[in-house]
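Atoms considered below: every heavy atom in the structure, side chains included; atoms not considered: hydrogens, waters and symmetry mates. Nothing fancy with the numbering, it's 1 onward along the sequence.
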Amino acid sequence: MGQDTDPEGDEVDAPVEVLVVDDEPDLADLVQEFLERADDALVVTTATNARTGLQLVRERSFDAVVSDYHMLTMDGLTFLDRVADTEPAPPGILFSSDDAPELVEAAHDAGVPFVHKRMRSERFDRLASRVRTLAEDRRN
């Protein structure tokens with residue numbers, strides 16, 4: 001599940017297309033780099049604002065969308081809510097350095113997984129694992 005077979009009959013991970021939206025370009029690039037390093041199957045596209053992120057979701061098929069919370073034009077939960085209105089809607093993950101209990105609860109109430117953004121490799125491993133799980137659930 002979520003795997004293809006190469007010509008020799010070995011199982012190969014199917015690419016998992018991920019959109020990362022963060023209005024800080026350096027952080028978006030860093031998340032991309034760490035996710036692709038954490039899981040070879042992840043193919044990450046970045047957007048540095050919610051408008052571009054929504055445009056990409058409408059134009060392309062993503063297996064998952066990862067969004068920062070604090071962005072200039074709209075917050076990450078509003079963005080992910082708009083993503084949920086697209087067809088086919090990819091699942092979203094809120095990835096934020098703000099771990100205020102109210103925000104975590106709001107994400108939970110919206111049905112959006114929350115991963116606390118800390119610049120540690122185990123956080124990116126956790127994020128990559130969440131992305132993979134959501135993508136596989138969506139494909140099945």
Checklist entry - Roughly how far, to the nearest 0.5 Å, is the OG atom of S96 from the CE atom of M71? => result 10.0 Å
Checklist entry - How far apart are the closest heavy atoms of T52 and A47, and which atoms are they? => result CG2-CB, 4.1 Å
Checklist entry - Under a 4.5 Å cut-off applied to non-hydrogen side-chain atoms, are V21 and V66 in contact? => result no
Checklist entry - Atom CZ in R138, atom CG in L134: separation rounded to 0.5 Å? => result 10.5 Å
Checklist entry - Between T45 and Q32, does a side chain to side chain contact (heavy atoms under 4.5 Å, CB included) hold up when you go through it step by step? => result CA-CA 7 Å; T45 300; Q32 176 184 20; over 6 Å; no
Item to check | Nearest-0.5 Å distance, CG of residue L35 to CG of residue D40 | outcome: 12.0 Å
Donor-acceptor pairs under 3.5 angstrom involving side-chain atoms of residues 77-95: please list them, not counting sequence neighbours.
unit_1: T78; atom_1: OG1; unit_2: D75; atom_2: OD1; d: 3.2
unit_1: T78; atom_1: OG1; unit_2: D75; atom_2: OD2; d: 3.2
unit_1: T86; atom_1: OG1; unit_2: V83; atom_2: O; d: 2.6

Checklist entry - Can L103 and D99 be said to form a side chain to side chain contact (heavy atoms under 4.5 Å, CB included), step by step? => result CA-CA 7 Å; L103 177 58; D99 66 346; over 6 Å; no
Checklist entry - Mind checking whether V44 and E36 have side chains closer than 4.5 Å, heavy atoms only? => result yes
Checklist entry - Closest approach of S61 and E17, non-hydrogen atoms and distance? => result O-CB, 3.9 Å
Next on the checklist: What's the separation between atom CG in L54 and atom CD in E59, rounded to the nearest 0.5 Å?
Outcome noted: 11.0 Å
Item to check | More than 12 heavy atoms of other groups within 6.0 Å of H108 NE2 | outcome: no
Next on the checklist: side chain to side chain contact (heavy atoms under 4.5 Å, CB included) for L27 and D68? Distances and angles first, verdict last.
Outcome noted: CA-CA 10 Å; L27 284 177; D68 185 29; over 6 Å; no
Checklist entry - A14 and A41: which non-hydrogen atoms are nearest, and at how many Å? => result O-CB, 3.8 Å
Item to check | Non-hydrogen side-chain atoms of F62 and V18 separated by less than 4.5 Å | outcome: no
Checklist entry - Considering all heavy atoms of both residues, which atom of G76 and which atom of S67 are nearest to each other, and what is their separation? => result CA-OG, 3.6 Å
Next on the checklist: Using a 4.5 Å cut-off between side-chain heavy atoms of Ile, Leu, Val, Met, Phe, Trp and Tyr, which other residues end up in the same hydrophobic cluster as V43?
Outcome noted: none
Item to check | Pair D98 + K117: basic N to acidic O under 4.0 Å | outcome: no
Item to check | Where A135 and D63 come nearest, the two heavy atoms and their spacing | outcome: CB-CB, 3.7 Å
Checklist entry - V20 and V131: same hydrophobic cluster, using ILVMFWY side-chain contacts below 4.5 Å? => result yes
Checklist outcome for this item: Separation between OG1 (T46) and CG (L30), nearest 0.5 Å, reads 11.5 Å
Checklist entry - Would F124 end up clustered with V65 when hydrophobic side chains under 4.5 Å apart are linked, directly or stepwise? => result no
Checklist entry - Say you draw a straight line from CZ of R130 to CG of D125; how long is it, rounded to the nearest 0.5 Å? => result 14.0 Å
Item to check | Connected-component partners of L72 among ILVMFWY, side-chain separation under 4.5 Å | outcome: none
Item to check | Candidate pair V16 and D39, rule side chain to side chain contact (heavy atoms under 4.5 Å, CB included), full reasoning | outcome: CA-CA 9 Å; V16 176; D39 187 331; over 6 Å; no
